[in-house]
There are 2 protein chains.
Amino acid sequence: MAKQTQMLKGVLEGCILEIISQEETYGYAVCEQLVQAGFSHINEGIVYPILIRLEKKGWLLAEKRPSPYGPKRKYYRLTEMGERERNEFILHWTETKGRVDQIFERRISDENA
Amino acid sequence: MAKQTQMLKGVLEGCILEIISQEETYGYAVCEQLVQAGFSHINEGIVYPILIRLEKKGWLLAEKRPSPYGPKRKYYRLTEMGERERNEFILHWTETKGRVDQIFERRISDENA
DNA sequence: CTTTCTATATGGCATTACCTAGTAGCTATC
DNA sequence: GATAGCTACTAGGTAATGCCATATAGAAAG
């Protein structure tokens with residue numbers, strides 16, 4: 001339980017950037033999408049602080065619009081800087097994934113040798 | 001540069017467990033393998049503290065043996081607990097990878113729809 | 001002997017960002 | 001008018017853990 005926490009570091013931010021990049025959306029919905037993707041323990045208290053942080057960094061722009069069901073929604077979209085950061089995340093994520101997988105795949109090729 | 005740092009959290013430990021699990025080895029060599037896998041900025045000052053930490057947790061056992069080239073090497077191998085932790089890491093890593101990839105793949109299926 | 005390569009150790013920092021828990025406000029339903 | 005679901009926000013805790021600088025030392029080479 002504490003193990004995944006560490007593994008999330010730096011990953012959540014990237015995922016949120018990606019979700020917003022796919023479609024202008026708001027915090028509550030971002031949260032639902034993360035849960036749906038399997039990050040089942042993620043809740044609003046985790047997502048909102050990240051959203052605010054990203055907005056402060058200038059990676060997101062926000063705009064409030066009424067909701068048919070509750071208080072106003074705060075819709076986010078990526079700025080140009082945000083797009084750049086998202087692309088960098090993809091790069092780093094792909095690299096890291098490749099490196100880790102390479103280490104684990106060595107076992108298989110060893111067994112075949 | 002600070003970006004990958006966050007992404008490494010929890011991952012480095014798992015990689016080191018895996019490397020040692022594949023073959024009894026020592027810190028300096030672990031370091032070389034990580035560099036070879038692409039973690040090119042990793043150095044002894046990063047690896048040794050992790051090794052010592054893992055030993056203290058009871059996941060590794062150490063034994064010193066002479067080296068033909070320098071001071072004695074400290075060879076590590078996994079304990080039973082270490083094996084369990086390694087398996088847990090694989091589980092969490094696979095899960096996390098799947099979740100992140102799912103979020104990014106949604107874009108592709110959207111574009112096809 | 002000085003340098004270089006091999007090899008281990010460690011104190012402290014950064015530090016950040018995840019997580020809990022709680023507040024509050026709007027809409028709809030019953 | 002009470003409950004339930006939707007929506008946003010904040011304070012504070014914390015703890016892990018990657019990273020750096022530095023020291024030490026054996027062996028080979030020049």
Side-chain angles (χ1 to χ4, degrees), chain A residues 1-17 25-35 39-57 59-60 62-76 85 89 92 96 99-100, chain B residues 1-17 20 25-35 39-57 59-60 62-76 85 89 92 96 99:
Chain A
M1 48 159 73
K3 213 35 170 301
Q4 282 121 322
T5 287
Q6 290 305 318
M7 218 178 284
L8 274 185
K9 303 233 178 208
V11 171
L12 260 189
E13 227 180 55
C15 287
I16 290 178
L17 278 179
T25 185
Y26 53 100
Y28 193 82
V30 166
C31 194
E32 277 176 331
Q33 285 194 52
L34 286 170
V35 171
F39 294 109
S40 40
H41 74 292
I42 298 291
N43 56 50
E44 296 85 16
I46 299 172
V47 172
Y48 287 123
I50 297 179
L51 253 11
I52 290 168
R53 195 168 69 223
L54 298 184
E55 198 186 349
K56 275 187 190 152
K57 287 193 199 173
W59 300 358
L60 295 181
E63 183 190 348
K64 287 209 173 180
R65 299 193 211 139
S67 155
Y69 305 116
K72 284 192 174 171
R73 294 171 177 167
K74 196 165 164 189
Y75 282 84
Y76 290 96
E85 289 299 329
F89 172 80
H92 290 155
T96 301
R99 289 164 186 168
V100 175
Chain B
M1 48 160 73
K3 212 39 171 301
Q4 282 122 321
T5 287
Q6 290 304 317
M7 214 178 289
L8 274 186
K9 301 244 174 202
V11 170
L12 257 190
E13 229 180 53
C15 287
I16 291 178
L17 277 179
I20 295 172
T25 185
Y26 54 100
Y28 192 81
V30 166
C31 194
E32 278 177 330
Q33 285 194 52
L34 287 170
V35 171
F39 295 109
S40 40
H41 74 293
I42 298 292
N43 56 48
E44 296 85 14
I46 300 171
V47 171
Y48 287 122
I50 297 179
L51 252 11
I52 290 167
R53 200 165 64 222
L54 298 184
E55 197 186 350
K56 275 187 189 152
K57 287 192 198 174
W59 301 357
L60 295 181
E63 183 189 350
K64 288 211 171 175
R65 300 193 211 140
S67 155
Y69 305 115
K72 284 190 176 174
R73 294 170 177 169
K74 196 166 163 189
Y75 280 84
Y76 290 95
E85 289 299 328
F89 171 80
H92 291 155
T96 302
R99 289 165 186 167

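Within every chain, numbering begins at 1; the chains are lettered A, B, ... in the order of the sequence lines, protein sequences first and strands thereafter. These figures come from a predicted structure and were not determined experimentally.
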Self-check item: Value rounded to 0.5 Å, distance of OH in A:Tyr76 from OG1 in A:Thr25
Solution: 11.0 Å
Quiz item: Between atom CD1 of B:Ile52 and atom CG of B:Leu60, what is the distance when rounded to the nearest 0.5 Å?
Solution: 11.0 Å
Quiz item: Can you list, by residue number, the residues of residues 27-35 of chain A that have a non-hydrogen atom closer than 4.0 angstrom to DNA chain D?
Solution: A:Gly27, A:Tyr28
Practice problem: Not counting sequence neighbours, which residues clear side chain to side chain donor-acceptor pair (under 3.5 Å) with B:Tyr26? List them please. | Solution: B:Arg73
Quiz item: In whole angstroms, how far is the C1' atom of D:dA16 from the CE atom of A:Met7?
Solution: 13 Å
Self-check item: Contacts of A:Lys74 that satisfy salt bridge (charged side-chain N to carboxylate O under 4.0 Å, His left out) - sequence neighbours left out
Solution: A:Glu55
Self-check item: Under-4.0 Å side-chain N/O to phosphate OP1/OP2 contact, B:Tyr26 with C:dA7
Solution: yes
Exercise. Answer yes when A:Glu13 and A:Arg53 have at least one side-chain N-carboxylate O distance shorter than 4.0 Å, and no when they do not.
Key: yes
Quiz item: How would you label the contact of A:Ile52 with the nucleic acid (heavy atoms, under 4.0 Å): base, sugar-phosphate, or nothing?
Solution: sugar-phosphate
Protein-nucleotides 27-30 of chain D N/O pairs closer than 3.5 Å?
| residue | atom | partner | partner atom | Å |
| --- | --- | --- | --- | --- |
| D:dA27 | O4' | B:Tyr69 | O | 3.4 |

Quiz prompt | A:Lys64 side-chain proximity, nearest of D:dA8, C:dG11, C:dT8 | solution = D:dA8
Self-check item: Set of salt bridge (charged side-chain N to carboxylate O under 4.0 Å, His left out) partners for A:Glu44, sequence neighbours left out
Solution: none
Quiz item: Can you check the A:Leu12 CG to C:dC19 P distance for me, whole Å?
Solution: 7 Å
Quiz item: What nucleotide, of D:dA8, C:dA9, C:dC18, holds the atom closest to the side chain of A:Arg53?
Solution: C:dC18
Quiz prompt | Minimum-distance pair of heavy atoms, taken over all atoms of A:Pro71 and A:Ser67 | solution = O-CB, 3.4 Å
Quiz item: Can you find a heavy atom in the side chain of B:Phe89 that is under 4.5 Å from one in the side chain of B:Glu85?
Solution: no
Exercise. Check the distance between C:dA9's P and B:Arg73's CZ and give it to me in whole angstrom.
Key: 14 Å
Quiz prompt | Interatomic distance, A:Leu54 CG vs C:dA17 C1' [rounded to whole Å] | solution = 11 Å
Quiz prompt | Below 4.0 Å: OP1/OP2 of C:dA9 and any side-chain N or O of B:Lys74 | solution = yes
Exercise. Round to the nearest Å and state the distance from B:Leu8 atom CG to C:dT16 atom P.
Key: 15 Å
Quiz item: Does B:His41 reach the side chain of B:Leu8, with side-chain heavy atoms less than 4.5 Å apart?
Solution: yes
Quiz item: Of all residues at least two apart in sequence or in a different chain, which pass the side chain to side chain contact (heavy atoms under 4.5 Å, CB included) check with A:Arg99?
Solution: A:Glu95, B:Phe39
Practice problem: Can you figure out which of D:dT10, C:dT16, C:dT8 approaches the side chain of A:Lys9 most closely? | Solution: C:dT16
Quiz item: Closest approach of A:Leu51 and A:Gly27, non-hydrogen atoms and distance?
Solution: CD2-CA, 3.6 Å
Practice problem: Can you tell me the distance, in whole Å, between the CD atom of B:Glu55 and the P atom of C:dT10? | Solution: 10 Å
Self-check item: Atom-pair distance (CD1 on B:Ile50; P on C:dG12), nearest Å
Solution: 19 Å
Exercise. Report the nucleotide, chosen from C:dA17, D:dC19, D:dT7, that has the shortest atom-to-atom distance to any side-chain atom of B:Gln6.
Key: C:dA17
Quiz item: Of the non-hydrogen atoms in B:Ile42 and B:Val35, which two are nearest, and what is the gap between them?
Solution: O-CG2, 3.5 Å
Self-check item: Residues within residues 39-47 of chain B bordering DNA chain C, heavy-atom distance below 4.0 Å
Solution: B:Glu44, B:Gly45
Quiz item: Between atom CG in A:Leu51 and atom C1' in D:dT7, what is the gap in whole Å?
Solution: 12 Å
